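Structure, as structure tokens:
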Amino acid sequence: MYKIAFLAGDGIGPEVMAEAKKVLKTVEKKFGFKFDFHEGLVGGAAIDAYGVPLPESTVKLCEDCDAILFGAVGGQKWDALSSQLRPEKAILGLRKHFGLYANLRPAILFPPLVSASPIKQEIIGNLDLLIVRELTGGLYFGTPKGREETGGVVRAFDTMIYTEEEIKRVAHIAFKAAQNRKKRVTSVDKANVLATSRLWREVVERIAKEYPDVELSHMYVDNCSMQLVVNPGQFDVILTENTFGDILSDESAVLTGSIGMLPSASLGDKKPYLYEPTHGSAPDIAGTGRANPIACILSAAMMLEYSFGASEASNAVKQAVTRALDEGYRTSDIKTGAGKVVSTTEMGDVIVNFI
Ligand code: NAD
């Protein structure tokens with residue numbers, strides 16, 4: 001039996017999570033697993049109940065679970081709160097508490113959605129890449145950082161810092177992921193300018209020797225941002241540090257046509273890992289039945305694969321999603337090739353049916 005911390009959050013979070021639960025319950029029946037769902041409050045819902053976005057009770061609940069499935073948090077109601085109390089702090093708090101240092105974001109363009117991509121069809125081809133982003137180090141966390149004023153001159157500064165160990169552990173995750181894919185890792189850095197990037201390159205090259213079946217190449221981040229648009233098909237796994245990964249993963253997300261399709265996983269050295277759709281709480285469509293549940297359902301599929309080693313079940317979910325799209329089912333965010341425009345729950349039902 002696997003215990004799943006089920007953190008629905010705000011806005012469309014609970015709506016898409018309900019569909020992911022339906023899918024997991026189908027996987028239980030079909031593949032003989034037993035999942036135990038433990039619901040916890042996060043984000044605005046937790047602020048309303050406890051005054052904080054990530055209550056101690058939710059952290060404890062997650063500690064007791066094998067994996068965390070997270071919906072989305074945030075909304076106008078809580079926008080005026082100070083930065084420490086904002087709903088989004090829940091996700092940062094969980095990443096920090098559980099040492100989730102590797103963020104995996106696949107960008108897959110499902111063939112029926114090719115015309116939804118902003119990139120020309122002949123260039124986008126069969127896009128299927130995975131970005132492995134270092135999540136807990138680098139510029140966003142390095143100290144000192146701050147702002148000061150001396151003699152009328154205002155300065156602000158951040159520090160980009162990486163240890164060998166931080167690079168090593170995320171590199172292992174990227175090489176292992178590549179072994180189950182097309183066996184290519186592109187390590188992205190700015191080694192012509194940054195000392196952290198030179199260390200990054202050195203350590204990644206050392207780790208690569210442990211994976212002789214995986215081909216390693218290096219690319220500067222400025223070139224990579226260009227290559228993602230002119231020749232995205234060349235990539236299999238992109239391994240990169242925190243800030244570069246933040247930017248490149250959004251760029252690769254938009255290549256696929258809709259933010260409602262993109263799952264993610266955050267992994268560390270020990271369970272629980274965290275899985276979430278990359279979109280936010282979409283307050284503009286919350287409660288209208290228009291949310292696309294696919295990103296959340298594919299996040300559940302990643303959970304099956306990475307936390308429970310259930311590749312067969314995970315593939316069955318992905319194939320059911322592909323079939324739903326192939327057969328023309330679309331939520332209203334997907335503007336292309338709609339045979340049948342369906343609601344959030346109807347899309348969940350179709351996918352369940354195809355599993
Ligand atoms: P968003 O991702 O919520 O929405 C951007 C646009 O995409 C909206 O028009 C929305 O309707 C649409 N969209 C998003 N997901 C969709 C889905 N599954 N199906 C159909 N359409 C979808 O980003 P935003 O508007 O910048 O932020 C809204 C709130 O979400 C803010 O409070 C923000 O802080 C929060 N947020 C939370 C997370 C998270 O929980 N991890 C991530 C990003 C933003």
Side-chain angles (χ1 to χ4, degrees), residues 5-20 23 40-48 53-54 58 68-96 98 100 103-105 107 110 113 116 118 133 135 140 245-247 249-250 253-254 256-266 273-300 302 321 324-325 329-336 338 341-348 350-351:
F6 199 79
L7 313 180
D10 313 312
I12 63 166
E15 300 167 32
V16 295
M17 287 282 277
E19 302 315 304
V23 163
L41 289 179
V42 278
I47 294 172
D48 287 349
L54 182 62
T58 299
I68 304 168
L69 193 59
F70 188 100
V73 292
Q76 219 176 359
K77 182 177 173 190
W78 306 281
D79 276 354
L81 294 171
S82 75
S83 68
Q84 280 316 305
L85 272 182
R86 302 251 329 197
E88 295 78 2
K89 280 280 160 189
I91 190 81
L92 298 177
L94 286 167
R95 282 177 187 163
K96 186 160 178 229
F98 292 105
L100 304 171
N103 187 231
L104 277 60
R105 278 175 64 166
F110 292 92
L113 305 189
R133 165 189 169 196
L135 203 55
Y140 295 170
D246 194 2
I247 299 163
S249 54
D250 269 21
V254 84
T256 66
S258 172
I259 189 163
M261 308 283 300
L262 297 164
S264 78
S266 297
Y273 300 159
L274 184 146
Y275 303 86
E276 57 170 334
T278 54
H279 59 72
S281 58
D284 53 335
I285 57 163
T288 66
R290 274 154 57 209
N292 184 346
I294 291 179
C296 196
I297 289 170
L298 291 175
S299 300
M302 289 185 90
V321 168
L325 296 170
Y329 293 97
R330 302 281 186 272
T331 41
S332 55
D333 56 306
I334 312 171
K335 304 276 180 257
T336 186
V341 177
V342 291
S343 67
T344 310
T345 50
E346 285 165 343
M347 182 59 103
V350 168
I351 293 167

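Quick note: numbers below take in every heavy atom, side chains included, and nothing from hydrogens, waters or symmetry partners. This one's a predicted model, so the numbers in the text were calculated from it and none came from an experiment. Both counts, for ligands and for their atoms, begin at 1 and track the order of listing.
- Rounding to the nearest 0.5 angstrom, the gap separating the CE atom in M261 from the CD1 atom in I334 is 5.0 Å.
- Here the straight-line distance linking atom CD1 of I294 with atom CE of M347 works out to 4.0 Å at 0.5 Å rounding.
- Counting protein heavy atoms under 4.0 angstrom from atom 21 (N) of ligand 1 gives one or more.
- For R290, no nitrogen or oxygen atom sits less than 3.5 Å from a nitrogen or oxygen atom of ligand 1, counting backbone and side chain alike.
- Atom 9 (O) of ligand 1 lies below 4.0 Å from at least one non-hydrogen atom of the protein.
- Nearest protein neighbour of atom 7 (O) of ligand 1, counting heavy atoms only, is I259 CG2, 3.7 Å.
- At a distance under 4.0 Å, a protein heavy atom can be found next to atom 43 (C) of ligand 1.
- The residue from S281, A286, A291 that puts a heavy atom closest to atom 30 (O) of ligand 1 is S281.
- R133 places a side-chain heavy atom less than 4.5 Å from the side chain of D246.
- Judged as a side-chain contact (heavy atoms from CB on, under 4.5 Å), and not counting sequence neighbours, the contacts of A295 are P277, H279.
- Contact annotation: the side chain of L274 never approaches that of F98 to less than 4.5 Å [non-hydrogen atoms, C-beta and beyond].
- A salt bridge between D250 and R105 is present, with a side-chain N of the basic residue lying under 4.0 Å from a carboxylate O of the acidic one.
- No donor-acceptor pair closer than 3.5 Å links the side chain of S266 to the backbone N or O of N103.
- Close approach of ligand 1 to G74 is summarised as follows: ligand atoms under 4.0 Å from at least one heavy atom of the residue are 32 (O).
- A291 approaches T331 most closely through the heavy-atom pair O-CG2, 3.9 Å.
- Taking 4.5 Å as the limit, some side-chain heavy atom of P87 sits within range of a side-chain heavy atom of D10.
- With respect to atom 38 (C) of ligand 1, the closest heavy atom belonging to the protein is G280 CA, 3.6 Å.
- The distance from the CD atom of E276 to the CG atom of L7 is 10.5 Å, given to the nearest 0.5 Å.
- Within the listing of ligand 1, atoms 17 (C), 18 (N) sit less than 4.0 angstrom from a heavy atom of G260.
- Remark: minimum distance from atom 3 (O) of ligand 1 to any protein heavy atom is reached at A282 N, 2.8 Å.
- Side-chain contact between C296 and M17: present, with at least one pair of heavy atoms (C-beta onward) separated by less than 4.5 Å.
- Against a heavy-atom cut-off of under 4.0 Å, A72 is close to the following atoms of ligand 1: 40 (O).
- Protein heavy atom nearest atom 41 (N) of ligand 1, with residue, atom name and distance: E276 OE1, 3.4 Å.
- Counting the atoms of ligand 1 from 1 in the order shown, those under 4.0 Å from a heavy atom of I12 are 15 (N), 16 (C), 17 (C), 18 (N).
- Heavy atoms of G75 approach ligand 1 to within less than 4.0 angstrom.
- The proximity of E88 to ligand 1, defined as any non-hydrogen pair under 4.0 Å, is limited to the side chain.
- Partners of K77 under the salt bridge (Lys or Arg N to Asp or Glu O under 4.0 Å) rule, at least two apart in sequence or in another chain, are D48.
- Proximity of I91 to ligand 1 is not established, as no heavy-atom distance is less than 4.0 Å.
- Of the protein's non-hydrogen atoms, the one nearest atom 11 (O) of ligand 1 is D284 OD1, 2.8 Å.
- Rounded to the nearest 0.5 angstrom, R290 CZ and D284 CG are separated by 7.5 Å.
- Nearest protein heavy-atom neighbour of atom 40 (O) of ligand 1: V73 N, 2.9 Å.
- Nearest protein heavy-atom neighbour of atom 25 (O) of ligand 1: P283 CD, 4.7 Å.
- The residue C296 has no part lying near ligand 1, judged by heavy-atom distances below 4.0 Å.
- N292 N, 3.6 Å is the protein heavy atom nearest to atom 17 (C) of ligand 1.
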